[in-house]
Amino acid sequence: MRVTVLAAAAPAAEPSCYSRLRNEWFCLDYVTDRREEILDAAGEHLTITVLAVALGVALAVPLALLARRLPRLESTALGLSTGLYTIPSIALFPLLVPFTGLTMTTVVIGLGLYALTVLVRAFLEGLRSVPEDVREAARGLGYGAGRLLVRVELPLALPVVVAGLRVATVSTVALTTVGSLVSYGGLGNLIRDGVTTNFRAELLVASVLCVVIAFALDALLVLGQRALTPWTRAAGGARR
Amino acid sequence: MIRLSGVGKTYADGTVAVQAVDLEVAAGELLCLVGPSGCGKSTTLKMINRLIEPTTGRIEIDGRDVTGEDPVKLRRGIGYVIQQVGLFPHQKILTNVMTVPLLSGGSRAAARARALELLELVGLDPATYADRYPHQLSGGQRQRVGVARALAADPPVLLMDEPFGAVDPVVRVRLQDEFRRLQRDLGKTVVLVTHDIDEAVRMGDRVAVFAAGGRLAQHATPAELLARPADDFVADFVGSERGLRRLSVTPVDPALLDPVDGVRIGDLGAAIEVGATLEQALAAMLRSDRGMVAVRRGPVMLGVLTPDGVHRALRASLSPAEDTGSTAPD
Amino acid sequence: MIRLSGVGKTYADGTVAVQAVDLEVAAGELLCLVGPSGCGKSTTLKMINRLIEPTTGRIEIDGRDVTGEDPVKLRRGIGYVIQQVGLFPHQKILTNVMTVPLLSGGSRAAARARALELLELVGLDPATYADRYPHQLSGGQRQRVGVARALAADPPVLLMDEPFGAVDPVVRVRLQDEFRRLQRDLGKTVVLVTHDIDEAVRMGDRVAVFAAGGRLAQHATPAELLARPADDFVADFVGSERGLRRLSVTPVDPALLDPVDGVRIGDLGAAIEVGATLEQALAAMLRSDRGMVAVRRGPVMLGVLTPDGVHRALRASLSPAEDTGSTAPD
Amino acid sequence: MRVLTDAWDYLLAASSWTGDGGMLELLLQQLLLTVTALVLALAVGLPVALGLGHLGRGGFLAVNISNIGRAVPTFALLAVLVTLDWPGYESFGPYGRAGVATLLALTLFALPPIITNGYVAVREVPSDVLEAADGMGMTGAQRFWRVELPLALPLVLSGVRLALVQVWATATIAALVAGPGLGRVITDGFYRSQYGQGIAGALVVAAVALLLELAAAAAERFAARERRDPLGTVSQGLRPAG
Amino acid sequence: AGDDLSEDAANDDDSTPAASAGGPVNISGQNFPEATLVASMYEQLLEDAGYDPTVRLVDSRSVYIETFPGDVDVVPEYVGGIVNELNARKLGDQAEPFTAGDGKELAEQGSDLLEEQGITLLDVSEATDTNAFFVTQEYAEENGVTKLSDLEGTSVVLAAAPDCEGRLDCEGGLVDEYGIDVTKVLPLGFASDQTYQSVLDGESQLGLTSTTDGTLESQGLVVLEDDKAIQPAQNLVPAVSSAFLEEHPDVAEKLNELMAALTTENLTELNGRIAVDREKPEDVAREFLEQEGLL
Ligand SMILES: Nc1ncnc2c1ncn2[C@@H]1O[C@H](COP(=O)(O)OP(=O)(O)OP(=O)(O)O)[C@@H](O)[C@H]1O
Ligand SMILES: Nc1ncnc2c1ncn2[C@@H]1O[C@H](COP(=O)(O)OP(=O)(O)OP(=O)(O)O)[C@@H](O)[C@H]1O
Ligand SMILES: [Mg+2]
Ligand SMILES: [Mg+2]
């Protein structure tokens, strides 16, 4: 600690590459000096994103099912999710804070609600893409609504659902930034700081990490989809 | 027992698919629905398990009105073979067949054993096919998986929509025989849709012939149907060769045999049992190339059947002096 | 002319669907592919229009290697009826049938007229069905639309995968006859897959029988096939009733008639032309219930045919002293 | 609920809507921004997505790359874009200060749902239908226009609808770079502790989003009616039953 | 030693719930660099005093105010900021802001609001962070301006926070009090980089920043003197939950010492280290506290 103080007290002739005077985009010193802070932020970012998407899915499924059961509710469900999406975080979070405090829960709920607009549609479209003859066969065999959904419709809806999930996940990675509003922004805290103080190295590193997280989660989803849909590419499959 | 009373279906665009039909299927009976393409067979079948709701009339199974029942529970007790096959593309063949027993809460091991057995039954070697996906099968193979799937849960009632339509005749006859045996042994009540009048005649305890526009033209035993078509439409549908078709349903009549005296044993290449059909007799005759075939009951030789005898038997079976329970709804 | 030389297909998972097959279809000829379910019929068909690429061998159409051709151009000249029907769910029936003529740049009016005509031909009243969507049709109706669609562009070569499988016998026979007439009149080259040996025998100029594992077991004319199956498999597949089946391909032989002397005209209820088949003769015999049928050539009475005569004719047609062009590959 | 009455008052006051910088003008500006960004995204995204879907390859990469554009928070992207020499913060016609940067950021933001849905939609066309199309000798283009696109359309449109709504809601960030749009009303309100005004702005954004959603749904339904009979529900009509 | 204390405190918590030193304390505040710095000072001081502080810094006052007092016990505040926030929340959009230029006076004016909310303001620091307006050095030299009144009658474009337009301490004051012709306000943010950039590029002539911004000089920018005093007091002040203060009176003493030590000058210097050298706020805070003998 002494070292830091000394370094700060007597700045070297050459300012560090991330000081405002140089402010370079690529600056390794920044990464080494702030490693812990960066890793913590990335970890928090990942946690929030995953929890928020999970919450979004948990909310989207019943909404989509309801909308499908009662087609008249479909536009209501879509409208609701759209409406939620348009609430600015600066208006939404203060509404949540009295109930959930300055906690990660607030962010997760907010982001989960934002993800709905993509997810509700994805589930609706996915269910719609299940071939009618398969559905008829399942119903004829005595599948109840629940099992029909879990065993037949969801697996077959997976390509479309995962497509939506990918968009939702990546959007949430970016949106997690708004969590800085209640101090849980993950990399968003750094990005925000980077933008307001024109801290290029910080901005770049945090953005790149966002991209890395998004890429990793995206790849994970694709791999998950492949693992869960072996029939789409079994040996000698269809022509395409 | 299944009873349809005045059941009709008119689609939203006004197409009348089925017109006030009355039908009864006794417990343990196999009823075949035949008729020209588009006459409402599939629609009738799907109304029984409520995949389509009738617009008029009522349907009872074992005395209970099906419209009052929970459709899921209803369908659990009814096997269903869909015309478009409708295998689950995301499940392997074995899983497809195991699906219903597992639904009803059976153990995995039992479901698996049963599925393997049924794959054998429908002529698909489990070692080759169990782990494939539906798109890796030929059309006929898929159809057979559909049949196996419907049989897996051992339901007391079975609805089958053209279950053997895409299968070659050798396998088909084998499947028909196997299925018929199974159905008789286990006393299942079956409604089977087919467009193949031969299949209907061979398999059905009774046959319901539908005419275009969803009208039930005749409901009778196969023999009765062939002997006395209710109207020109049925006669035409059953075919100008209906006399020949009777070959397969008419048993050899001991009264029409020629005496065996004077026939040397060496002349009799082949012998058939007295319970055999005329068709089998004729085939045996042609095979052995002797112009006649011996007919016996166990070790006892009853006589020989000549081509003329076959013809006389056919003519007799077509004469009107036969008892039936035929109904020809107006 | 279509020629397959050593054509084989092994799927990615090692399944041998077709084994080095040699086949030739002369121009204007109708070849039926039959065989048990899963024997590689569809695979063979799809290799001809390159929906599936063969793993070995070569396929020529009119002497040109198809693998060298632009698949789109190739397929434009080949009509194709797919086993799963595959109608375009987003288009009305009429539009479905008009698709191919429009593809090739024909005028809308011409395509429309042709489509309406073809819908009539396959027994679907345009007034009722032209404006429906595929999901509003029954299984057999959809299949017929598929056939109409393939015929619409008037292609010189046609590949048809079980085109009549889901259609009832009355309509089927009508379609078969219509199609056969069309094909003969226009000199189309056709490869038709069916699992129905009756259909193959009735329609094919030649029949190729495939055995399980994609082996070509026999390639022969229908008569030859029935008379002299190349091996036990073919014999079995053609059926124990193949003798009876010959009824439909064996013409009445004037040499086997009984003399007409001593028969009173009143005894002869019906008369048939000498070109008729034994099956028609037998049906007429049963219809008129006289135990015999008169055979004439125009106004001239040639004699009467008795059941015994039919039997003798059948036996004669099964004897080995017949000319053929049968090939039984190794 | 003081703020709600304030918001209501703000919405009812004619002065909030009219005049220079009134909400009406801001609303139109934002609409223009949204539509332009969406059109740009469609022009870029649809050909790529549908083309790759048709070819059946490269989809993973395209979706992934378009997603990456979205992983960076839009406001950060915008902030960086305006500091660069190009596009910078120069005014760009009716798109206002930093118009090019704003359009660019919003376009990148709109791409993922368009590309992802477009690609998946084409890939989900049933294989028997495709086999029939190939078998009758359709060229790639014919197969695409006559079969794949019509069958993919509902899902593609759903992606466009989603993009439209999201871009509209996100276009408020133009306020960050002194650009046009309703974002000003909202940020002004919240930064000035005039929460009523801020919420009023948010309400207008939400209301217009809903209107856009409804309009898009109506357009979609109208297109669907053109294409199929009124009896088959969209889902039934879309899928072959055989 | 600190550890021992906090543990003792935790153990004692049940038996003596009132008037005890130690225990958890929640600090919140905004997350711009200066607030981060001061919050870090609070944190280190309280930790040293045996507390177990948790710091949650948020983007906007409107967020933590929802749960302060309550989940939040202590906030590093600015007199004008907190008082006007409470005023706006109470009266809505029509609220007339307090404008007193003296910190103590303003705190006095807001005492009713504070009491109602259950918040106590501790000693007001001499250090103040108010709006300041800057031009480029070049502009200042060319036009010979050093104070805002020098700009009377001049047309300028103003780069400022989005809330600037019409406010008496901002655009409104410049126009009404100084007679400056503000042709346009670009809402580019308070002391934000975009604002600097806009002025540096000549897009705007006048920019809004804070009196404690430590980066101006290094960017070639100069602050103009607010010679007509249009700014309300924004002195640094600890805002503490009244209930919390009752239980933990020792907090007041600690934080008041800090307030006494802070001046606008040393705060500007510390800000500069964070903004220019990018030192970590907690390092800067610790060094300052040690230097002042507070730790
Ligand atoms: N994608 C695939 N991967 C592996 N094996 C396959 C695949 N598709 C088909 N097969 C196998 O290839 C064989 C031939 O299939 P094909 O569809 O040509 O049969 P078919 O003669 O048309 O039968 P059917 O009359 O039942 O339609 C079958 O045994 C089938 O299981
Ligand atoms: N959704 C629908 N809307 C209007 N008409 C329909 C609809 N579905 C079926 N039909 C019509 O109802 C009639 C009966 O159809 P159904 O499927 O019961 O026939 P089918 O006897 O099973 O024929 P096939 O042997 O060809 O399968 C047909 O004429 C068909 O065109
Ligand atoms: Mg049917
Ligand atoms: Mg096949």
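Reminder, nothing fancy here: chain letters follow the sequence lines and each chain counts from 1.
- Under the salt bridge (Lys or Arg N to Asp or Glu O under 4.0 Å) criterion, B/Asp131 pairs with no residue at all, not counting sequence neighbours.
- Within a 6.0 Å sphere centred on CZ of B/Arg112, other residues, nucleotides and ligands contribute 12 heavy atoms or fewer.
- Note: A/Arg135 CZ to B/Leu51 CG = 12.5 Å, rounded to the nearest 0.5 Å.
- Proximity to chain A (any heavy atom under 4.5 Å) is shown, for B/Leu74, by neither the backbone nor the side chain.
- Going from atom CH2 of A/Trp231 over to atom NE2 of B/His135 covers 11.5 Å, rounded to the nearest 0.5 Å.
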Stepwise side chain to side chain contact (heavy atoms under 4.5 Å, CB included) test for B/Leu103 and A/Tyr143: CA-CA 7 Å; B/Leu103 269 189; A/Tyr143 274 80; 3.6 Å; yes

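- At a 4.5 Å heavy-atom cutoff, the contact between A/Arg139 and chain B is made by backbone and side-chain atoms alike.
- Contact record, B/Pro89 with A/Val134: CD-CG2, 3.8 Å, taken as the closest heavy-atom pair.
- Around the CD atom of A/Glu36, the shell of radius 6.0 Å holds no more than 12 heavy atoms that belong to other residues, nucleotides or ligands.
- For chain A, no part of B/Leu159 is nearby; none of its heavy atoms comes within less than 4.5 Å.
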Verdict with reasoning, A/Val152 to B/His90, per side chain to side chain contact (heavy atoms under 4.5 Å, CB included): CA-CA 8 Å; A/Val152 180; B/His90 61 298; 4.2 Å; yes

Stepwise side chain to side chain contact (heavy atoms under 4.5 Å, CB included) test for B/Gln84 and A/Glu132: CA-CA 10 Å; B/Gln84 292 83 12; A/Glu132 201 50 47; over 6 Å; no

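- For a residue to count as touching a neighbouring chain, one of its non-hydrogen atoms must lie under 4.5 Å from one of that chain's; by this rule B/Lys92 does not touch chain A.
- With a 4.5 angstrom heavy-atom cutoff, B/Leu102 touches chain A only via backbone atoms.
- Annotation: side chain of A/Pro155 is not in contact with side chain of B/Phe88 (no heavy-atom distance under 4.5 Å).
- In this structure, B/Arg181 places its CZ atom where more than 12 heavy-atom neighbours from other residues, nucleotides or ligands lie under 6.0 Å away.
- Atom OG1 of B/Thr95 and atom CZ of A/Arg151 lie 11.0 Å apart (nearest 0.5 Å).
- For B/Ile82 against A/Ala137, the heavy-atom pair with the smallest separation is CG2-CB, 3.8 Å.
- Annotation: ring pair (Phe, Tyr, Trp, His ring centres under 6.0 Å) contacts involving residues 25-48 of chain B, sequence neighbours excluded, are absent.
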